[in-house]
Amino acid sequence: ACLVQQRERENGTKDASMVILTTTSPAKKTTMIAKLVVVFLGVCCCATTAETTSGKYFPGARSASELESYAFPEESPETSFYKTVLPRTSSLGVSFSGGGSRAFSAALGQVGALREAGIWPLVRYATGTSGGSWALAGYTWRNRSADELLGPVVPPENLTKDALEMKYSGCARSFPSKAEMDYVNVRGEDWLDAVFEVFLGPAGVPKDGPLSSSPRYDLGGDPFPLFSMTLIGPATDMPRLVPVVVAVVDKVASAAVAASSSSSAVVAPRRVKSELRILTSCPLYVGTPLATEVDYGDATIQVGGFVEPQLFGCDGLEERGTSDEDPPPNLLLETRDPRCSGLTVGQAAGFSSFYSGLGYANVLGPVANLEIGLHRTYFGADLESTERVLFSDGGNTENVHLSGLLQRRVTRIIAFYNTVTPLNLTWDPLLRDPTSSDVADDLADFFGLNLKSEPDPTYDYRQDQVFPASDFPKVAQALQASVRAGLGGVATFQHETVQNDALGVPPGLKVNVTWVYLSTSSTWFDALPRETKLAIKKKVIEFANFPHFTTLNLLLTPLQVNALTSLTSWVLLQNFHTHLEDVISIQSAGEKEDEEQQQQGLLPQLQKEEQRTTQQRTTNTGPFLRPPHHHAHAMRTADT
């Protein structure tokens, strides 16, 4: 019954074989068999006349060393990224963490502050995970002004009681108040619909808007968006991380288990090493740059490379030639799969936030996972598009998608940890390693410090190390000092990457990271008007864990969201001169190229004089209004 329902959803029709099984009359059986023949012939006709969906496949790098010089698809001179984003931006990336409505609301304030400080137009890449992806997707494909969607940046002294309770019309701050959906007990396809209806549709994102549709970065002023998702493994042969005896997840899962044999729906899985992989989706492609062979026990998948979004999840991909573009070399593919709809903007954000997916994979058997899990056909590095694989929240593997920025050799990063875990100010990082009650484990794991003694069925960060463990104590101490000073948790350090094949991060990349850790601020609270303080103190239940509202409760009130966006924007602006002012001085790719040409004597003196005159004129109108250069090199050349 589960498989029949699955076919009905995929085909959009009732399954004729199921109708016959429920028909008792011989005459009706004859009629239904005749109808079945008609349906069969119709399917055959549709199969032969189905429109062809075509697109490109971009092979991945075969080793970490090869990844260091890998040309990403957006680096091709034909792309709008190359023409519009690269010339005006610096080697700067921002990353918004997962965390449900809390992370969504915090990111709204942080984007507003980056715009206020003049940093946002300089950002080349922005990554979003889970709740962070909702904010990034809605903002990037919005149908209204940024000011209308984000709402005003409200400093604490102006956060009156009326401003705290304000319900902004058309503003994304109102979205969490309608998030009456279950973060844990939900079917995968239903989750995609819910994310769109609550967080993206109200922002003006088209219901079936393809991920490849023109987003705001095409128009200038916004970064190139990257969304993360976790590839768990084969839907029909998924090795589990933890032993499970009984699986009762929700009504849908229970029904799926009851409809199948107990041996196939619920198993006592073996303990295995995690083989989770992070995929990135964006307007130009879906996949991962490092091609590797992943062994899942009884099945092996060639993971790596990218396909254009319209081919994601399609069956029957066939090679139709080789493109002569360089960089990057790619293959031309096509499919006649009538169900092929590719990846939409809403689905990209939904895949990035399907938190329950990994838990389902760890407790349910293949029949139940096909019923309630989120699965698609995966193209694979060898283009064998026959494997049905399970997907889940990018935060199940990497809650801040730093690897997406490091793979692209970004040298300046602002990482937003909008976490549920308060920073423990009494813990001394020099005396002992952290525990899960001291700091967010997804931060510690980037330095190779695993805070979980046993694998967790809902996330696994054990393969996330990208920086030396010796760097972590000074980062933690600096964050603690910043919070004690009343400025929120902000710290900036230079790190050098260590090789991570699972995340596709090359070694030896030097990167300056500003770590922004969601924290309370005594200075912010003291600056609030007296009536606002009293209003917050009266709302004991609403503000009990402020600003670390629980991730699993997606329903936040306007008071909670307004206070959170005010805090996160204020913290960023208060720390601008100490931690972010250097971003303004970073040259864009176009400026670097012109400087290099001048030094090499490649520009005539007249052009130099003209350039200086233009630069003086544009500087007088503000540092972010320089016209874009139209002859920038590819990113890997300009940023070397």
Does the side chain of T377 come under 3.5 Å of the side chain of D315 through a donor N or O and an acceptor N or O?
yes
Is the shortest distance from a Lys or Arg side-chain nitrogen in [X] or [Y] to a carboxylate oxygen in the other one below 4.0 Å?
| X | Y | value |
| --- | --- | --- |
| R124 | E75 | no |
| E74 | K83 | no |
| R115 | D222 | no |
| E334 | K56 | no |

Can you check ring-ring contact (aromatic ring centres under 6.0 Å, His included) on F96 and F416, steps first, answer last?
CA-CA 5 Å; F96 299 101; F416 293 104; 5.1 Å; yes
Please list all pairs passing the side-chain hydrogen bond (donor to acceptor under 3.5 Å, both in side chains) test where one or both residues lie in residues 168-180, with sequence neighbours left out.
none
For the pair W120 and Y139, name the ring-plane relationship: parallel under 30°, tilted 30 to 60°, perpendicular over 60°.
perpendicular
Once the angle between the rings of F306 and Y285 is folded into 0 to 90°, is it parallel (under 30°), tilted (30 to 60°) or perpendicular (over 60°)?
tilted
Could you please spell out the steps behind the side-chain hydrogen bond (donor to acceptor under 3.5 Å, both in side chains) verdict for S130 and D393?
CA-CA 6 Å; S130 200; D393 192 324; 3.0 Å; yes
Interatomic spacing from CG in L374 to OG in S353 - rounded to 0.5 Å:
9.5 Å
Pairwise distance CG(L554) to CE(M181) - rounded to 0.5 angstrom:
5.0 Å
Evaluate side-chain contact (heavy atoms from CB on, under 4.5 Å) for F58 paired with L284, printing each intermediate quantity in order.
CA-CA 11 Å; F58 307 95; L284 297 181; over 6 Å; no
Trace of the side-chain contact (heavy atoms from CB on, under 4.5 Å) decision for T344 with V205
CA-CA 10 Å; T344 66; V205 179; over 6 Å; no
Measure from the side-chain N and O atoms of [X] to the backbone N and O of [Y], and report whether any donor-acceptor pair falls under 3.5 Å.
| X | Y | result |
| --- | --- | --- |
| T568 | L564 | yes |
| N399 | S97 | no |
| T79 | Y82 | yes |
| N362 | L358 | yes |
| Q407 | L503 | yes |
| Q110 | L114 | no |

Begin with the C-alpha distance, continue with both residues' side-chain angles, and end with the deciding distance and a verdict on side-chain contact (heavy atoms from CB on, under 4.5 Å) for V111 and L150.
CA-CA 8 Å; V111 173; L150 296 175; 3.9 Å; yes
Only one of S95, S228, S352 passes side-chain hydrogen bond (donor to acceptor under 3.5 Å, both in side chains) with T129, and that residue is S228
Tell me, with the steps shown, if Y461 and T397 meet side-chain hydrogen bond (donor to acceptor under 3.5 Å, both in side chains).
CA-CA 5 Å; Y461 303 143; T397 306; over 6 Å; no
What verdict does the salt bridge (charged side-chain N to carboxylate O under 4.0 Å, His left out) test give for R187 and D193, after you've listed the backbone C-alpha separation in whole Å, the side-chain angles of each residue and the deciding distance to 0.1 Å?
CA-CA 10 Å; R187 286 182 60 257; D193 292 338; over 6 Å; no
Looking at K167, I'd like to know if its NZ atom is crowded, meaning that more than 12 non-hydrogen atoms belonging to other residues, nucleotides or ligands lie closer than 6.0 Å.
no
Of F312, Y360, F354, which is the lone residue that meets ring-ring contact (aromatic ring centres under 6.0 Å, His included) with F391?
F312
Apply side-chain hydrogen bond (donor to acceptor under 3.5 Å, both in side chains) to S213 and W141, showing your working.
CA-CA 9 Å; S213 61; W141 277 271; 3.2 Å; yes
